[in-house]
Visitor: 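The structure's right below; bear with me while I get my questions together.
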There are 2 protein chains.
Amino acid sequence: MANIKDIAKLANVSVSTVSRVLNNHSYVSEEKRKVIMEAIDRLDYSRNMNAVQLLKGKTNVIAVMLPFINHPYFTRLVEGISVEALKVNYQLMLCQTNYNTEAEMKVLEMLKMKQIDGMIICSKHIDLNQIEAYTRYGPIVACQDVGQSRVSSVFSDHYKSFQCGIRYLINKGHRYIGLCLARNQGDNSQMRRKAYTDELASIGEPIRDEWIFHQTYRIEDGVEVLRNLLELNSRPTAMMVTSDQAAAGIIMEARKNNIRVPEDLAIIGFDNQPIAEVFDLTTIENQLPEMGAIAFQIGYDQITRKKEQPENRELEYRLIERATV
Amino acid sequence: MANIKDIAKLANVSVSTVSRVLNNHSYVSEEKRKVIMEAIDRLDYSRNMNAVQLLKGKTNVIAVMLPFINHPYFTRLVEGISVEALKVNYQLMLCQTNYNTEAEMKVLEMLKMKQIDGMIICSKHIDLNQIEAYTRYGPIVACQDVGQSRVSSVFSDHYKSFQCGIRYLINKGHRYIGLCLARNQGDNSQMRRKAYTDELASIGEPIRDEWIFHQTYRIEDGVEVLRNLLELNSRPTAMMVTSDQAAAGIIMEARKNNIRVPEDLAIIGFDNQPIAEVFDLTTIENQLPEMGAIAFQIGYDQITRKKEQPENRELEYRLIERATV
DNA sequence: CTGTTAGCGCTTTCAG
DNA sequence: CTGAAAGCGCTAACAG
């Protein structure tokens, strides 16, 4: 591959002049510019970005850390990030971690090794303070509440939104309410569980472990949940479900088993994914694409304007009333 | 940020010795190694990967070009790629193009500029020969049939698989068959349309434009399709649908309108996504994750073993009989 | 086993 | 307006 020297030689100019036309820096005589362009064409030359990046100490790449890409929650977040990144000519490094500690640390290390200019955490397993230690190498923004921290964040309050959903069920007369969570120990899941236990306590209902399900992400998981429900002697009359996908699965399987929704079983989903509309599912809107977009902007601002301060932005949630409660 | 020179100085050794311990090259006395490690610790040093990449002419990054991430088709493909990439310590650059020519060319340019070692094309808009011109800069593998070409590929035969699906419908007694396609002019779509027209011709049925739908990717699109169908005077008795999502939408909306599936309307989906199982949808299995995995392996082989030859691998498809035909 | 040194390919002062 | 030269941070061939 030809390099800038070859071009300079062929065009009979210095490398700096070549660099100038490459970058549209200052003025270069039309004549030389032409000769240089021809040389570039002749030798099929392109800049080697690795050299540029080394010199500039900047890569125009931002990493997106997520456990798996195969879920609409993350997919919509990434969509939001991607749209903003495109506007300012940034590339996305997709880092799938499976919530594996080593894989997550590797992303952090990439920041330290200057492979990326910043990173967005969609969901994580490692501790916040492990992450904080890396903010000195570049902006890190999390799509979840991180409290007071050197890590920036965009998030919606999962305690309040779950509280809102459960109160809605209670107001509709439900006392026997089940819960579907994603991870057991995830930060968001913990908030959600707390909202659940607090609200049930407020109406004097006990927590029944057999009404709480974990790892419910996909339609299939919802199907499974309903099957489990069928086995129980006493069943909840309503379910608060962390994912619209899982909620849809519950509805599908409920129909098969002649369980009427919402008469026999009321359901609230989460995220207001497109599938929620199709299923006429009452759900909680979370502004996922906006969250991704804002996450990128916060990171980008810190990269460019050197806005040192971490930024924390809370997004609104909204209960969307449809036909499943 | 400290660099390798700082470490060398602090540890009272040469940079090459530092480099040796960094890379576990040849032997370094235990004593020096220790001092060096301490210096690294003290100065919180990490290699600058940009320098390494410049020197080696290799980035350990592979780009994934796709129109949008927000669809299970691509998501599962990426999942397959990602799993393989992880195994050999490669990173994924996610390049969302929206089928926009400029965006697609930018990915190709990244290859030329050595920002990436290779690329996988999940779906594209630009012409094959534009892409071929870039194979000299690194391996390019497409997840679709590219015929004889310098571009590698993994694909399943969309002509044959659609033919298979439509014949299945015909054998079940259907003559009035509609079609849902993704893009109008996409390479795969053209094959699918041809299979459709050929098969209808074989039973002497005319092509009815109002039975052919485009841009049907998501559940909502399927809902829309059925609504359109309802407006028609004469309706098909069966639909061959490019996406399981769209098929699910059709089924949902059919139920709402008391159209029985399969009695009034038979449906075949495509891809055998998890949703197909939940909807008990007859569909065509395409091995998407495998396709992604193999695409990566082919690219990786060319990067490492310098296997110059482009490789073309055809995957099997399989009709999965369930309850919607 | 260790150090010296020549680059990888580019940008950017600093002179002219 | 243009060129020379000094690096960005690292690796590896070569010499000891």
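Residue numbers begin at 1 in each chain, while the letters A, B, ... track the order of the sequences.
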Visitor: Consider the side chain of Ala51(B), meaning its heavy atoms from C-beta on, and name the nucleotide among dG3(C), dC10(D), dG3(D) that approaches it most closely.
Guide: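 Among dG3(C), dC10(D), dG3(D), the one nearest the side chain of Ala51(B) is dC10(D).
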
Visitor: Starting from P on dC1(D), measure out to CZ on Arg33(A) and report it in whole angstrom.
Guide: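 My rounded result for the distance is 10 Å.
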
Visitor: Return the minimal non-hydrogen interatomic distance between Ser152(B) and Pro310(B), and the atom names on each side.
Guide: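 Minimum heavy-atom separation between Ser152(B) and Pro310(B): OG-CA, 3.3 Å.
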
Visitor: Take Ile126(B) and Thr101(B), measure what side chain to side chain contact (heavy atoms under 4.5 Å, CB included) needs, and give me the verdict at the end.
Guide: CA-CA 6 Å; Ile126(B) 48 178; Thr101(B) 303; 3.6 Å; yes

Visitor: Under 4.0 Å from OP1 or OP2 of dG9(D): is there any side-chain N or O of Asn3(B) that close?
Guide: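 The answer is yes; a side-chain N or O of Asn3(B) sits under 4.0 Å from OP1 or OP2.
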
Visitor: Measure from the side-chain heavy atoms of Tyr27(A) and tell me the nearest of dC1(D), dC8(D), dT11(D).
Guide: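 Side chain of Tyr27(A) sits closest to dC1(D).
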
Visitor: Decide side chain to side chain contact (heavy atoms under 4.5 Å, CB included) for Tyr134(A) and Met105(A); before the verdict, give the C-alpha distance in whole Å, the side-chain angles of both, and the deciding distance to 0.1 Å.
Guide: CA-CA 10 Å; Tyr134(A) 282 82; Met105(A) 291 305 293; 3.8 Å; yes

Visitor: Give every pair of a protein N or O atom and an N or O atom of nucleotides 12-16 of chain C that lie under 3.5 Å apart, one pair per line with the distance.
Guide:
residue : atom : partner  : partner atom : Å
dT12(C) : OP2  : His25(A) : NE2          : 3.2

Visitor: Rounded to the Å, how far apart are Lys58(B) NZ and dG9(C) P?
Guide: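 About 17 Å, once rounded to whole Å.
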
Visitor: Just how far, in rounded Å, is C1' of dG7(D) from NZ of Lys5(B)?
Guide: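 That distance rounds to 8 Å.
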
Visitor: Hey, what bend do you get for the helix from dC1(C)-dG16(D) to dG16(C)-dC1(D) if you fit axes on five pairs at each end, rounded to 10°?
Guide: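 One end's axis against the other's: 40°.
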
Visitor: Roughly how many Å is it from CD1 in Ile40(A) to P in dC10(C), rounded to a whole number?
Guide: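 My rounded result for the distance is 10 Å.
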
Visitor: Rounded to whole Å, please give me the gap between CG in Asp6(B) and P in dG7(D).
Guide: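 Nearest whole value for this atom pair: 14 Å.
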
Visitor: Side chain of Val13(A) only, please: which of dG3(D), dC10(C), dG9(C) is the nearest?
Guide: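 When the side chain of Val13(A) is considered, dG3(D) is the closest of dG3(D), dC10(C), dG9(C).
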
Visitor: Between Arg76(A) and Asp271(A), is the closest basic N to carboxylate O distance under 4.0 Å?
Guide: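 Between Arg76(A) and Asp271(A) there is no salt bridge, as every charged N stays at least 4.0 Å from the carboxylate O atoms.
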
Visitor: Hey, are Glu104(A) and Lys106(A) close enough for a salt bridge, meaning a charged N less than 4.0 Å from a carboxylate O?
Guide: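 Salt bridge flag = no for Lys106(A) with Glu104(A).
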
Visitor: Name each donor-acceptor pair under 3.5 Å that joins a side chain in residues 31-38 of chain A to protein atoms two or more places apart or in another chain, with its distance.
Guide:
none

Visitor: Let me see the working for Ser156(B) and Asn286(B) under side-chain hydrogen bond (donor to acceptor under 3.5 Å, both in side chains), right down to the final yes or no.
Guide: CA-CA 7 Å; Ser156(B) 76; Asn286(B) 269 321; 3.1 Å; yes

Visitor: Between Tyr217(B) and Tyr73(B), does the ring centroid distance fall short of 6.0 Å?
Guide: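 Tyr217(B) vs Tyr73(B): aromatic centres not under 6.0 Å.
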
